[in-house]
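I have placed the structure first, in the form of structure tokens, so that the comments after it can refer back to it.
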Amino acid sequence: MSGKPLYIRNASQLVTLKGSSDAPLTGKAMEELHLIEGGSVWVEGGVIQSVGTDKKIRERYGSRLAEAEEIDATGRLVTPGLVDPHTHLVFAGSRENEFEMRLKGASYMEIMNTGGGIHATTSATREAEAERIYKESRRRLDQFLRHGVTTVEAKSGYGLSLEHELKQLEVAVELNRKHPVDVVSTFMGAHAVPVAYRGRPDEFVDEVVREMIPEVARRGVAEFNDVFCERGVFTPKQSRRILEAGKEYGLAPKIHADEIEPYGGAELAAEIGAVSADHLLKASSEGIRAMAEKGVVAVLLPGTAFFLMAEMADGRKMVDAGVPVALSTDCNPGSSPTVSLPLIMNLGCLKMGMTPAEVLTAATINAAHAIRRGHEIGSIEEGKKADLVIFDVANYMGLQYFYGSNHTEVVVKNGKVVHRRG
Ligand SMILES: O=C(O)CC1=NCN=C1
Ligand SMILES: [Zn+2]
């Protein structure tokens with residue numbers, strides 16, 4: 001096995017989340033972190049080899065301790081690497097101007113319908129060379145890493161044409177190849193109807209379905225296909241057509257659902273077998289029930305609601321209804337310009353009625369299942385990728401109690417230390 005073993009020892013709390021690799025956790029199981037007090041991990045070849053009390057690990061590897069890189073985690077919390085299953089990471093430019101417009105009363109949709117919003121970022125991203133988009137996106141990915149995030153999903157959706165959607169996706173693929181943080185790509189050509197197609201949405205849907213999806217699938221630059229199902233963007237009928245087309249080409253469906261108005265997005269997600277339905281601030285009780293029945297992961301984005309000064313999705317209701325709940329930053333220049341998944345967990349507790357254990361489950365194993373990676377990341381179990389974080393708090397409750405801070409001290413990715421707080 002290449003490289004030295006890594007021995008992380010004697011954590012005040014080691015959150016394993018063991019036994020969650022086959023399916024996302026729901027209901028009461030979202031609270032069962034399977035903690036080990038004084039826990040240790042032995043890592044070799046980028047893989048978790050053994051997890052247990054420090055006594056167990058020292059007995060098992062006693063003769064080899066001297067050859068290992070040792071990190072003393074005494075007094076600190078060790079968790080799986082955080083996973084962000086919903087970002088619009090890859091883009092150029094920013095929209096501070098719109099932030100001030102919204103503080104003065106303009107709505108998100110008003111700004112978008114007058115040529116700003118997604119259209120503003122689309123113009124900037126179309127004009128920018130891939131190199132510049134790569135550099136700006138890499139900087140955000142560096143910041144994610146410093147917040148304990150070891151895997152992110154990244155959507156296209158600021159190209160809105162085959163040429164520029166492919167440009168975004170190629171940047172995401174390049175970041176995945178070169179950056180320590182793993183990047184999982186989602187095609188989202190159906191993020192908005194571009195200005196050139198204003199008033200002719202069905203013709204744009206034709207282009208997404210007939211031109212973009214086949215080429216994206218042929219190049220293998222995305223695993224998922226997402227659509228902004230919202231009044232004034234894409235109807236449930238158009239969204240169904242786009243997601244069905246993606247399934248035909250092997251792109252698993254995801255959906256931005258019921259963000260601004262109740263619109264049947266959650267129901268459509270259950271009907272079509274989406275991997276996840278995201279936002280859900282206005283999801284109906286019927287939609288939530290249907291998602292629970294079909295095991296569709298609800299990816300909740302409280303940072304977006306916070307930044308849009310809107311009411312939050314009812315995380316408590318969804319957890320109690322048996323929906324698998326995950327959390328994400330929704331990192332994007334318009335409605336959630338943040339990389340702080342730890343702050344999103346704080347909002348899960350303070351604004352959505354979730355518990356400290358539930359939000360940690362939602363930002364690790366359930367987030368991993370929302371991007372079909374639950375079998376390889378999201379928990380600290382033998383055979384899984386050694387993606388781990390050491391936080392400078394004594395327990396998982398402290399991560400939420402001392403809110404608003406970045407408690408990330410050490411990040412381990414594939415068994416290698418890739419960040420130590422300076
Ligand atoms: O505004 C943006 O750039 C991202 C977004 N898409 C759907 N909601 C927000
Ligand atoms: Zn989004």
Side-chain angles (χ1 to χ4, degrees), residues 84-99 101-102 106-126 128 133 136-137 140 152-160 164-165 168 172 184-195 222 224-234 239 242 253-261 263 265 269 274-283 297-310 312-313 326-339 341 344 367 370-371:
D84 193 330
H86 181 133
T87 83
H88 301 258
L89 175 81
V90 180
F91 63 89
S94 68
R95 289 160 32 198
E96 290 96 333
N97 63 312
E98 293 181 9
F99 175 51
M101 287 163 70
R102 284 200 297 99
S107 77
Y108 174 89
M109 287 308 285
E110 280 166 356
I111 293 169
M112 183 169 163
N113 291 334
T114 52
I118 293 169
H119 303 303
T121 302
T122 299
S123 302
T125 303
R126 284 180 170 180
I133 300 171
E136 291 186 19
S137 305
R140 287 184 281 273
V152 302
E153 179 258 17
K155 307 175 192 295
S156 63
Y158 292 119
L160 306 186
H164 295 290
E165 286 293 311
Q168 278 189 278
V184 177
S185 297
T186 293
F187 167 68
M188 191 172 185
H191 193 193
V193 177
V195 172
F224 301 97
N225 175 36
D226 197 340
V227 58
F228 190 6
C229 179
E230 191 68 55
R231 191 180 306 282
V233 195
F234 294 101
S239 303
I242 290 159
K254 284 176 164 286
I255 180 170
H256 281 56
D258 306 315
E259 176 181 2
I260 299 165
E261 287 189 35
Y263 204 42
V275 176
S276 76
D278 303 29
H279 286 289
L280 300 169
L281 286 71
K282 304 288 187 185
V297 179
V299 177
L300 304 185
L301 313 162
T304 310
F306 175 65
F307 196 68
L308 294 180
M309 298 171 273
M312 299 277 172
L327 289 174
S328 164
T329 62
D330 189 18
C331 175
N332 76 79
S335 62
S336 190
T338 186
V339 296
L341 190 49
I344 300 303
I371 52 173

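The analysis underlying the following values was restricted to heavy atoms, covering all of them including side chains, and did not include hydrogens, waters or symmetry mates. All of these numbers come straight from a predicted model, not from anything done at the bench. Each ligand, and each atom within it, is numbered from 1 in the order the structure gives.
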By residue and atom, what protein N/O/S atoms are less than 2.8 Å from the Zn ion (ligand 2)?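 Counting only protein N, O or S atoms under 2.8 Å from the Zn ion (ligand 2), the list reads His86 NE2, His88 NE2, His256 NE2, Asp330 OD1.
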
Are Asp330 and His86 linked by a side-chain donor-acceptor pair shorter than 3.5 Å?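 A pair is found: one side chain offers a donor N or O, the other an acceptor, under 3.5 Å apart.
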
Can you give me the closest heavy-atom contact between Ala310 and Leu281, atom names plus distance?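 Heavy-atom minimum between the residues: CB-CD2, 4.3 Å.
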
For residues Ala277 and Ala269, report the shortest heavy-atom separation together with the two atoms involved.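 Taking every non-hydrogen atom into account, CB-CB, 3.7 Å.
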
Nearest 0.5 Å please: distance from the [atom1] atom of [X] over to the [atom2] atom of [Y].
X	Y	atom1	atom2	result
Thr338	Arg140	OG1	CZ	12.0 Å
Met112	Phe228	CE	CZ	6.0 Å
Phe91	Gln168	CZ	CD	10.0 Å

Name each donor-acceptor pair under 3.5 Å that joins a side chain in residues 184-192 to protein atoms two or more places apart or in another chain, with its distance.
unit_1	atom_1	unit_2	atom_2	d
Thr186	OG1	Glu153	OE2	2.6
His191	ND1	Gly157	O	2.9

Hey, can you tell me if His256 and His88 have their rings parallel, tilted or perpendicular (30° and 60° cut-offs)?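 Plane angle over 60°, so perpendicular.
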
Partners passing salt bridge (charged side-chain N to carboxylate O under 4.0 Å, His left out) against Glu261 (at least two apart in sequence or in another chain):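 Glu261: salt bridge (charged side-chain N to carboxylate O under 4.0 Å, His left out) contacts with Arg231.
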
Are there any N/O pairs under 3.5 Å between ligand 1 and the protein, and if so, what are their distances?
unit_1	atom_1	unit_2	atom_2	d
ligand 1	1 (O)	Arg95	NH2	3.0
ligand 1	1 (O)	Tyr108	OH	2.6
ligand 1	3 (O)	Arg95	NH1	2.8
ligand 1	3 (O)	Tyr158	OH	2.5
ligand 1	6 (N)	His191	NE2	2.7
ligand 1	8 (N)	Tyr108	OH	3.4
ligand 1	8 (N)	Glu259	OE1	3.3

